Amino acid sequence: MTTPLPLVIGNWKMNMLASQACDMARSLVDRLSEVEGVEVVIAPPFTSLYPVGQIIKGSRLRLAGQNFYFASKGAYTGEVSLEMLRDVGCDFALIGHSERRSLFGENDAAINKKVHRAIQMGITAVVCVGETLEQRKAGATLNIIETQLSKGLAGLSGERLSTLAIAYEPVWAIGTGVNATPEQVADIHKFIRKFLFESLGFSEKVGTRILYGGSVNPENSKQLLQEDEIDGALVGGASLDFESFCAIINSALEP
Ligand code: PGA
């Protein structure tokens with residue numbers, strides 16, 4: 001098995017106007033033209049996907065949708081399909097981010113439909129899981145993650161899952177400035193890996209990447225990304241700043 005490259009994703013959430021997103025994409029294309037050994041993905045808001053997709057065409061930078069609806073088209077006001085995302089250049093999509101779960105009522109059943117749809121379409125699904133602070137304090141972290149994985153990934157078979165990544169994002173670490181320690185993350189990633197292989201029957205040969213997300217910044221990224229169990233990072237706030245995001249990308253490279 002060839003070890004997949006580390007994966008660093010910038011989730012821009014509901015930030016940046018199209019002109020700003022385009023400027024940032026141009027700068028990243030330029031800076032990353034020399035960088036090898038890491039896969040870099042950006043997830044701008046929907047309104048910027050098309051122009052950003054045009055700018056990054058032919059470069060090493062990849063594009064992700066932050067969300068999508070599982071039907072391919074139809075009367076679903078306010079939604080976009082994976083066909084639409086692919087049409088503008090996305091080959092990744094985030095699924096089940098904690099903000100989608102907590103603010104927009106997304107549940108594991110909907111997440112499962114999206115995961116199946118992404119795999120069917122050959123789009124890399126980045127499925128987000130993670131516990132709240134209350135759940136961690138109550139000692140329920142592993143149960144929560146197991147439930148999110150078993151429901152969110154229900155019905156998938158292990159052999160065709162190269163187009164799947166998992167992002168462990170403890171809710172208490174997202175946007176708070178308090179990151180989980182590499183040791184805390186490693187423990188959870190080991191649990192996730194074991195669950196994927198032993199309970200869901202995923203093939204180890206496929207090399208499903210498990211990312212960490214939650215207050216990743218240039219100060220903590222090296223320590224996190226050099227941990228063997230951590231295959232990449234899902235970066236929110238720090239991905240909005242060009243130099244910070246580049247510093248995080250650099251820390252995914254071998255020392
Ligand atoms: P953060 O967000 O890096 O701002 O904590 C991470 C995320 O929500 O994916």
Side-chain angles (χ1 to χ4, degrees), residues 4-22 24-26 28-29 32-33 38-97 99-101 104 106 109-128 152-157 159-167 206-209 211 213 231-236 239 245:
L5 292 178
L7 176 60
V8 176
I9 305 177
N11 174 11
W12 295 354
K13 306 192 180 183
M14 199 174 75
N15 293 291
M16 292 208 253
L17 302 178
S19 57
Q20 297 167 316
C22 289
M24 179 77 144
R26 271 185 216 102
L28 285 169
V29 166
L32 294 179
S33 61
V38 54
E39 196 168 5
V40 182
V41 179
I42 48 174
F46 290 140
T47 48
S48 301
L49 286 174
Y50 178 73
V52 166
Q54 296 296 305
I55 289 166
I56 69 174
K57 224 181 228 174
S59 80
R60 302 187 59 253
L61 198 56
R62 318 307 289 241
L63 198 60
Q66 296 176 15
N67 181 37
F68 64 90
Y69 189 61
F70 48 78
S72 56
K73 62 177 179 172
Y76 303 102
T77 301
E79 296 294 326
V80 302
S81 68
L82 264 190
E83 280 81 350
M84 291 168 180
L85 291 186
R86 187 155 71 184
D87 182 50
V88 294
C90 293
D91 34 26
F92 286 73
L94 307 185
I95 300 181
H97 188 279
E99 287 150 18
R100 301 286 330 155
R101 293 178 191 257
F104 303 102
E106 205 163 297
I111 288 164
N112 184 243
K113 287 188 181 147
K114 293 182 185 196
V115 174
H116 278 274
R117 185 84 190 123
I119 290 185
Q120 186 186 32
M121 296 274 297
I123 299 273
T124 299
V126 182
V127 180
C128 305
L153 305 183
L156 296 185
S157 70
E159 293 302 330
R160 51 192 194 110
L161 295 176
S162 53
T163 55
L164 181 77
I166 308 292
V206 172
T208 305
R209 286 176 288 192
L211 318 181
D231 304 321
L234 180 50
V235 187
S239 72
F245 191 49

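Computed from a predicted structure; not experimentally measured. Computed over heavy atoms, backbone and side chain alike; hydrogens, waters and symmetry mates excluded.
Between Ser81 and Phe68, every side-chain heavy-atom pair lies at or beyond the 4.5 Å cut-off. Val235 is not listed as a side-chain neighbour of Ile9, based on a closest heavy-atom distance of 4.5 Å or more. Here the side chains of Gln120 and Arg117 are in contact, with some heavy-atom distance below 4.5 Å. Between Gln66 and Pro45, the closest side-chain pair of non-hydrogen atoms falls below 4.5 Å. At a threshold of 4.5 Å between non-hydrogen side-chain atoms, the residues Arg101 and Cys128 do not count as touching. Proximity of Val40 to Phe245: side-chain heavy atoms (C-beta onward) are separated by under 4.5 Å at one or more points. Taking the side chain as every heavy atom from C-beta outward, Thr124 and Leu164 never approach each other to under 4.5 Å.
A side chain to side chain contact (heavy atoms under 4.5 Å, CB included) with Lys114 holds for exactly one of Asn67, Ile119, Ile123, Leu82; it is Asn67. For the side chain to side chain contact (heavy atoms under 4.5 Å, CB included) criterion with Val127, the lone passing option out of Leu153, Thr208, Leu94, Asn112 is Leu153.
A distance of 11.0 Å separates CG of Leu61 from OG of Ser33, quoted to the nearest 0.5 Å. For the atom pair Phe70 CZ and Glu79 CD, the distance stands at 9.0 Å (nearest 0.5 Å). In this structure, CG on Asn11 lies 6.5 Å from OG on Ser239, to the nearest 0.5 angstrom. Remark: Met14 CE to Glu99 CD distance equals 10.5 Å, nearest 0.5 Å.
Across all their heavy atoms, Val8 and Val38 have their closest contact at CG2-CG2, 3.9 Å. Looking at every heavy atom in both residues, Ala25 comes nearest to Trp12 through N-CH2, 4.5 Å. Nearest heavy atom pair, residue Gly65 against residue Cys90, reads N-SG, 3.7 Å. Across every non-hydrogen atom of Thr163 and Gly122, the tightest pair is CG2-O, 4.1 Å. Taking each heavy atom of Leu7 and Arg209 in turn, the nearest pair found is CB-NH1, 3.7 Å. Closest non-hydrogen pair, Leu63 versus Leu49, comes out as CD2-O, 3.6 Å.
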**Message:** Applying side-chain contact (heavy atoms from CB on, under 4.5 Å) to Asp91 and Arg86, what does each step give before you reach the verdict?
**Reply:** CA-CA 6 Å; Asp91 34 26; Arg86 187 155 71 184; over 6 Å; no
**Request:** Given salt bridge (charged side-chain N to carboxylate O under 4.0 Å, His left out), test Glu39 with Arg60 step by step and report yes or no.
**Result:** CA-CA 8 Å; Glu39 196 168 5; Arg60 302 187 59 253; over 6 Å; no
**Asked** Taking it one step at a time, do Ile95 and Val126 satisfy side-chain contact (heavy atoms from CB on, under 4.5 Å)?
**Response** CA-CA 6 Å; Ile95 300 181; Val126 182; over 6 Å; no
**Message:** Under the criterion salt bridge (charged side-chain N to carboxylate O under 4.0 Å, His left out), I'd like the reasoning laid out for Glu83 against Lys73: C-alpha separation, chi angles, the key distance, then a yes or no.
**Reply:** CA-CA 8 Å; Glu83 280 81 350; Lys73 62 177 179 172; over 6 Å; no
**Evaluation steps, side-chain contact (heavy atoms from CB on, under 4.5 Å), between Leu85 and Phe92** = CA-CA 9 Å; Leu85 291 186; Phe92 286 73; over 6 Å; no
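Contacts classified as salt bridge (charged side-chain N to carboxylate O under 4.0 Å, His left out) and involving residues 47-56 (residues at least two apart or in different chains) are not found.
Atom OH of Tyr50 sits in a sparse spot, with 12 or fewer heavy atoms from other residues, nucleotides or ligands closer than 6.0 Å.
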